[in-house]
Amino acid sequence: MVKNIRAIRGMNDILPDETPYWQSLEACVRKLLRGYGYGEIRLPIVEHTELFKRSIGEVTDIVEKEMYTFNDRNDESLTLRPEGTAGCVRAVIQQGLLGTPRRLWYSGPMFRYERPQKGRQRQFHQVGAEVFGIATPDIDAELILLSARLWRELGIADDVVLELNSIGSGEARARYRAALVDYLEARRERLDEDSQRRLQGNPLRILDSKNPDTQALLDDAPSLADYLDDESRADFARLCGLLDAAGLSYRVNPRLVRGLDYYNKTVFEWVTDRLGAQGTICAGGRYDGLVEQLGGKSTPGIGFAMGMERLVLLLSELASQGDAVEDGEADLYAVSVGEEAAAVALAAVERLRDALPDCRIVQHAGGGSFKSQMKKADKSGARLALIWGEDEVRAGTCAVKSLRDPGGQESVALGELPERIRAALAWR
RNA sequence: GUGGCCGUAGCUCAUCAGGUAGAGCACCGGAUUGUGGCUCCGGAGGUGGGGGGUUCGAGACCCCUCGGCCACCCCA
């Protein structure tokens with residue numbers, strides 16, 4: 001007995017049951033981004049490993065332990081992208097797109113080697129938006145308002161909260177970092193094990209520790225807000241003012257920091273409490289130094305990415321407690337009895353498809369008794385069954401039977417079929 | 001990488017002091033040899049995740065392993 005081949009852990013199939021959620025979500029996002037003047041950019045899934053090391057940061061968890069890295073046949077180290085910003089920045093530099101402010105978006109799979117759990121898988125999908133060449137906080141506000149509009153259109157606005165912070169310039173962060181380490185170093189014994197480890201590599205991340213004792217310890221720690229540079233402070237105030245003016249509520253979270261090294265100044269997260277431990281559905285921030293760091297001319301940048309799996313999870317969760325609209329796979333199901341009728345039916349259905357291109361017609365295939373064909377017709381969810389037997393073939397007609405409402409069955413000449421069906425389905 | 005829970009039919013789950021498995025739904029067929037949904041009758045489908053051990057005998061007990069879920073870490 002051969003062992004079945006399974007999908008890679010954390011790389012899931014998305015089945016026909018779920019794809020409608022994906023399709024409507026994708027359509028909604030696309031329309032929205034178009035409405036704000038963002039252009040789609042399609043990027044490779046594989047890049048040079050070096051790109052991610054230089055952008056995300058050598059000592060981040062993503063680079064240290066979560067990347068799918070392998071050698072190409074010529075021994076170059078390549079990596080399946082763990083996020084989208086790095087590749088997008090690489091592309092705008094390489095393709096010379098930085099002469100003027102640029103609004104872009106992309107979507108597709110990302111890969112991180114992590115233990116799967118609810119809302120987290122090894123292959124997951126993001127839609128990201130990035131803006132290059134605008135340093136002022138009005139664009140920060142635009143991106144946030146754009147995302148807020150999306151939640152409204154998806155009907156999840158009441159289930160998400162915006163968290164906002166400024167982590168300042170690199171220099172400001174370095175000064176704060178030193179102060180924080182001083183404070184925590186003196187109280188090292190009271191830190192949990194994970195945070196003690198973070199004290200070396202990534203002390204800022206201690207700020208969003210989930211450990212309650214650690215959080216309590218932080219109450220008296222120096223505050224990042226007190227260390228901000230003047231420009232970051234002013235821009236953050238301006239951003240808050242813009243959001244206030246637009247009527248968008250938010251929560252300033254002074255302990256919100258982000259795990260990727262390239263962020264500075266504005267950072268934000270949209271979170272929900274309905275998805276278990278992984279509540280962030282969308283997150284982003286400014287990365288003013290990244291373009292230069294990757295070899296382009298100094299250009300400010302800002303962007304966000306949203307996790308499609310998490311959004312789908314939220315959408316389907318909300319849908320299942322509301323009206324679950326069961327839409328079958330077909331509007332019409334065509335059956336026939338006998339070889340001759342099958343040939344007539346096939347040809348007639350093809351003509352019908354010409355006349356009713358938006359109508360979903362499933363033609364029975366695979367044989368079986370008339371009775372079993374009718375069962376399939378019923379299961380398909382079709383409103384009408386189209387039936388061809390000896391009598392119909394001889395008369396040049398088709399029996400149209402209603403499978404739903406009480407309506408019965410009538411014999412229709414082939415030429416009148418499109419019209420009769422249009423009427424029966426109330427088709428546009 | 002760490003921890004907790006869990007792997008029995010396609011799906012959801014039973015059973016049992018350890019004596020080689022059962023239901024519901026789904027599927028196929030029949031009652032109705034050209035008419036679905038309801039009802040009734042019948043059928044197919046399992047090496048009980050895999051391996052080893054204890055035992056006369058293991059799906060049940062022990063060990064290992066693989067897989068799943070959730071959580072930590074971290075992140076979308």
Distance below 4.0 Å between A:Lys371 side-chain N/O and B:G36 OP1 or OP2: yes
Proximal nucleotide (of B:G29, B:A76, B:G68) relative to the A:Ser372 side chain: B:G29
From CA spacing to verdict: side chain to side chain contact (heavy atoms under 4.5 Å, CB included), A:Ser166, A:Leu228: CA-CA 8 Å; A:Ser166 175; A:Leu228 287 188; 4.0 Å; yes
Residue whose nearest RNA chain B nucleotide is more 5′ - A:Ala283 or A:Val337: A:Val337
Residues A:Gln121 and A:Arg112: side-chain donor-acceptor under 3.5 angstrom: no
Same-atom distance (C1') from B:C25 to B:A14, integer angstrom: 14 Å
Short side-chain N/O contact to B:C72 OP1/OP2 from A:Lys210, under 4.0 Å: yes
Side chain of A:Lys376 (C-beta onward), nearest among B:U35, B:A76, B:C28: B:C28
A:Lys379 side chain near B:C27 phosphate (N/O to OP1/OP2, under 4.0 Å): yes
Rounded P spacing from B:U2 to B:U65 in Å: 11 Å
For atom CG of A:Asp13 and atom P of B:G68, their distance in whole Å: 12 Å
Any donor-acceptor N or O pair under 3.5 Å, side chains A:Asp159, A:Thr272: no
Atom P, compared across B:U8 and B:G68: separation rounded to whole Å: 14 Å
Candidates B:G34, B:G68, B:A76 - which lies nearest the side chain of A:Glu392: B:G34
Side chain of A:Pro116 - closest among B:C73, B:G34, B:C69: B:C69
Same-atom distance (C1') from B:U32 to B:C69, integer angstrom: 47 Å
Which nucleotide in B:G34, B:C73, B:C75 has an atom nearest any side-chain atom of A:Gln409: B:G34
Separation between the C1' atoms of B:A26 and B:C11, rounded to whole Å: 7 Å
Whole angstrom value for the distance that separates P of B:G37 from CG of A:Leu403: 11 Å
B:G22 versus B:C16 - spacing of their P atoms, nearest Å: 14 Å
Side chain of A:Arg115 - closest among B:G3, B:G37, B:C75: B:G3
Distance in angstrom units between A:Asp192 CG and B:C74 P, rounded: 9 Å
A:Arg404 side chain near B:G37 phosphate (N/O to OP1/OP2, under 4.0 Å): no
Heavy-atom side-chain contact between A:Tyr287 and A:Thr85 under 4.5 Å: yes
Out of B:C73, B:A76, B:C72, whichever nucleotide has its closest atom nearest the side chain of A:Thr280: B:A76
Shortest side-chain distance from A:Asp61, nucleotide among B:C74, B:A76, B:G37: B:C74
First of A:Leu260 and A:Ala7 reached from the 5' end of RNA chain B, by closest nucleotide: A:Ala7
Under-4.0 Å salt bridge between A:Arg190 and A:Asp213: no
Distance, rounded to the nearest Å, where A:Ile387 contributes CD1 and B:G36 contributes P: 10 Å
Interatomic spacing from CZ in A:Arg205 to CG in A:Asp208 - rounded to 0.5 Å: 4.5 Å
Spacing of A:Arg197 atom CZ relative to B:U2 atom C1', expressed in whole Å: 11 Å
Nearest-angstrom distance, P atom, B:U12 to B:U55: 37 Å
Short side-chain donor-acceptor distance under 3.5 Å, A:Tyr36 and A:Arg149: yes
Rounded distance in Å between the P positions of B:G30 and B:G37: 12 Å
A:Arg258 side-chain N/O to B:C75 phosphate OP1/OP2 under 4.0 Å: no
Base-paired stems in RNA chain B, each at least three Watson-Crick or G-U pairs under 3.5 Å: B:1-7 with B:66-72, B:10-13 with B:22-25, B:27-31 with B:39-43, B:49-53 with B:61-65
Phosphate contact (B:A71 OP1 or OP2) by A:Gln117 side-chain N/O below 4.0 Å: yes
Between CZ on residue A:Arg274 and CD1 on residue A:Ile156, distance to nearest 0.5 Å: 10.5 Å
Aromatic A:Phe124 / basic A:Arg122 pairing, under 6.0 angstrom, 45° off normal: no
Spacing of A:Asp17 atom CG relative to B:G10 atom C1', expressed in whole Å: 14 Å
